[in-house]
Amino acid sequence: MKQSYPRHIDLEPTAHAQGTVRLPGSKSISNRTLLLAALAGGSTRILELLASDDTLVMLMALQQLGVKWEQTEGTQDYTVHGVQGVLPVHQADLFMGNAGTAIRPLTAALAVIGGDYTLHGVARMHERPIADLVDALNGVGMRIEYTGAQGFPPLHIRRGQFNGDTLRVRGNVSSQYLTALLMAAPLISQERAVTIEVIGELISKPYIEITLNLIRRFGVTVERDGWQKFTVQPDQCYRSPGSIHVEGDASSASYFLAAGAIAGGPVRVEGVGRDSIQGDVHFVEALQRMGVTIAMGDHWLEAASNGPLKAIDADFNHIPDAAMTIAVAALYADGPSTLRNIGSWRVKETDRLAAMATELRKLGATVVEGDDYLTIVPPAGQLQAATIDTYDDHRMAMCFSLASLDGAARRGNRIRINDPKCVAKTFPDYFSAFAGIARQTLI
């Protein structure tokens, strides 16, 4: 992952966006697949794995744990040799960066497998809550301790003894806690059924659909009773499917589709299509509500402008990451827009509700920030030129690039993106891809 980035990137106002973008692999699918392949029996070939900081964190952690893998030279294809639920290394100190999709499922798997492990990350990771997952595991005999602030990483995991058949976890902070337990459950269900009960509302349900789909690909069936109870019957274990292809990242698709929606288009993304297992493909439905023309095929999606965007008032609990793109697109709408039920933004790479409100105001918008909603009133005329701070958050950098575009309702302006290297978390080549459809020369 050696790529150099300037301290900032300047994007000039752009009248039209058009073209085709080949998407990098999905982060959610990539890190889930890496861990499942490691825990499975047999070797798994993973095709078009995402090249990013977050997947590198998972690959390095697995390597430290004794899991062998190889990358096919000149490609993003990997072969992971599974350990059939028995890790060769029983003691390790693992750096997790700021990768929630790595630390949460690894915490559950390591707690169940047993050993002596410490997990830590960057400063922001140590501010991201993990208590709901730790409480669920410790509640059935696992031994996880906090070595810093209570409820947050760093963590120290020691060998415990599973002493129950039901794990209970809250669902209203992050769906990654349930994902972690679902992925670990087959490791403890050899002699009895294991049930996971969700307390309260479960957010981001489409991400659980991704988890269940991939667990099924690796040979384990999870019985589901609505969104409140999940059961893994005994005598199931992960088995390699042989090979698995990583879909293009639907969250990353949102930026390019929004560019087509704002600035003419058509803009097509390749690598993800109408039958994707990723919930963020439903982003196109939000664009359609805003009046955008959408076309789709088996492996592609396309968006084109159909005049000024219509204001939107909607619940985005199911697609919180892609909803950030809607917040910036709302600058080009014909009235105020409200994004609801997005409280999970506060525990992401940064407090995204506060960060989005701050940066949208720089562009001339009037913004009301609630506990779990955001209302955006677009400026009357052209967006203001602005220097956007990114808070070491890849999605902040990517979605605010859209403010350089001219829309049917109002024009964009010169936008400076500070610290653009943060996009390496999921999309190292983002700004080059954006420049390609916006006919930009990066400064």
Taking all heavy atoms of S175 and all of I208, pick out the closest pair and write down the distance. O-CD1, 3.4 Å
Within 6.0 angstrom of D371 CG, more than 12 heavy atoms from elsewhere: no
Quick test of your reading of the model: are E369 and R346 salt-bridged, counting only N-O distances below 4.0 Å? yes
Answer whether the closest heavy-atom distance between the side chains of V222 and T231 falls below 4.5 Å. no
With rounding to the nearest 0.5 Å, note down the distance linking CZ in R168 to CG in L181. 12.5 Å
Do I244 and R45 have side-chain heavy atoms sitting under 4.5 Å apart? no
With side chain to side chain contact (heavy atoms under 4.5 Å, CB included) as the test, would you mind laying out the steps for F230 and L182 before giving the verdict? CA-CA 8 Å; F230 301 80; L182 287 168; 3.7 Å; yes
Looking at N341 and F316, would you say the former's side chain and the latter's main chain have a donor-acceptor pair under 3.5 Å? no
Kindly indicate whether the side chain of L402, heavy atoms from C-beta on, has any atom under 4.5 Å from the side chain of F434. yes
Would you indicate whether the side-chain heavy atoms of Q161 and R143 approach each other to under 4.5 Å? no
Which pair of non-hydrogen atoms, one from V269 and one from A253, has the smallest distance, and what is that distance? CG2-CB, 3.9 Å
How close do S305 and A261 get, heavy atom to heavy atom, and via which atoms? CB-O, 3.3 Å
Under 3.5 Å, side chain of R104 to main-chain N/O of G100, donor-acceptor pair present? no
Just by distance, do the side chain of S337 and the backbone of I312 share a donor-acceptor pair under 3.5 Å? yes
Derivation and outcome, side chain to side chain contact (heavy atoms under 4.5 Å, CB included), residues I437 and Q18: CA-CA 5 Å; I437 63 162; Q18 184 176 7; over 6 Å; no
Can a donor-acceptor pair be found, under 3.5 Å and without considering hydrogens, that links the side chain of R128 to the backbone of N98? yes
For the residue pair F427 and H394, is the inter-centroid distance of their aromatic rings smaller than 6.0 Å? no
If every non-hydrogen atom of V281 is compared with every non-hydrogen atom of V272, which pair is closest and at what distance? CG1-CG2, 3.7 Å
Check each of I376, I262, L405 against L331 using the side-chain contact (heavy atoms from CB on, under 4.5 Å) test, and report the only one that passes. I376
Note: R170-D132 ion pair, threshold 4.0 Å (strictly below): yes
State plainly whether the residues R274 and D298 are in salt-bridge range, i.e. N to O under 4.0 Å. yes
Output, in order, the C-alpha distance, side-chain angles, deciding distance and verdict of side-chain hydrogen bond (donor to acceptor under 3.5 Å, both in side chains) for S251 and S254. CA-CA 5 Å; S251 301; S254 71; over 6 Å; no
Using only atom types and a distance under 3.5 Å, with no angle test, would you say the side chain of T107 pairs donor to acceptor with the backbone of I103? yes
Under 3.5 Å, is there a donor-acceptor pair between the side chain of Q278 and the main chain of A250? yes
Is a side-chain donor or acceptor of S52 paired with a backbone partner of K425 at a separation under 3.5 angstrom? yes
Run the numbers on R340 and D315 for salt bridge (charged side-chain N to carboxylate O under 4.0 Å, His left out), then give the verdict. CA-CA 5 Å; R340 301 187 186 278; D315 185 321; over 6 Å; no
Does the side chain of N306 reach to within under 4.5 Å of the side chain of V292, using non-hydrogen atoms? no
Decide whether N31 and T101 meet the rule of one side-chain donor and one side-chain acceptor closer than 3.5 Å. yes
Just checking, any donor-acceptor pair under 3.5 angstrom between side chains of T350 and R124? no
Might you point out which heavy atoms bring I342 and Y373 nearest each other, and give the distance in Å? CG1-CA, 4.0 Å
Salt-bridged, E223 to K229, with N to O below 4.0 Å? no
Between D393 and K348, does any NZ, NE, NH1 or NH2 come within less than 4.0 Å of an OD or OE carboxylate oxygen? no
Full working for side-chain hydrogen bond (donor to acceptor under 3.5 Å, both in side chains) between H245 and E48: CA-CA 6 Å; H245 178 264; E48 296 193 56; 3.0 Å; yes
Side-chain heavy atoms of L35 within contact of M58, under 4.5 Å: yes
Is a donor on one side and an acceptor on the other found under 3.5 Å between the side chain of W69 and the backbone of L59? yes
Which of L23, I210, D275, I29 passes side-chain contact (heavy atoms from CB on, under 4.5 Å) with E247? Answer is I29
Inspect the surroundings of NZ in K205 and state if more than 12 heavy atoms from other residues, nucleotides or ligands are less than 6.0 Å away. yes
Can you tell me how far CZ of R32 sits from CG of L214, rounded to the nearest 0.5 angstrom? 7.5 Å
Indicate yes or no: at least one non-hydrogen side-chain atom of T375 is less than 4.5 angstrom from one of V367. no
Say whether E359 and Y391, considering side chains only, have a donor N or O and an acceptor N or O under 3.5 Å apart. yes
Assess whether side chain to side chain contact (heavy atoms under 4.5 Å, CB included) is satisfied between Y117 and L87, documenting all intermediate values. CA-CA 12 Å; Y117 305 105; L87 289 170; 4.0 Å; yes
Nearest atoms (heavy-atom pairs only) where A61 meets L106: CB-CD1, 3.8 Å
Could you check if a side-chain atom of V328 sits within less than 4.5 angstrom of a side-chain atom of M356, using non-hydrogen atoms only? yes
What class does the angle between the rings of Y430 and F256 fall in, given that below 30° is parallel, 30 to 60° is tilted and above 60° is perpendicular? tilted
Applying the side-chain contact (heavy atoms from CB on, under 4.5 Å) criterion to F162, which one of L167, V112, L137 satisfies it? L167
Please determine which of R159, H90, H156 meets the side-chain hydrogen bond (donor to acceptor under 3.5 Å, both in side chains) test together with D116. H156
Examine the side chains of T390 and N418 and answer whether a donor and an acceptor come within less than 3.5 Å of each other. no
Say you draw a straight line from OH of Y255 to OG of S401; how long is it, rounded to the nearest 0.5 Å? 8.5 Å
Short question: side chain of Q236, backbone of Q233 - any donor-acceptor pair under 3.5 Å? yes
Check whether Q71 reaches the backbone of Q76 with its side chain - one donor and one acceptor, N or O, closer than 3.5 Å. no
Ion pair present between R352 and D321, side-chain N to carboxylate O less than 4.0 angstrom? yes
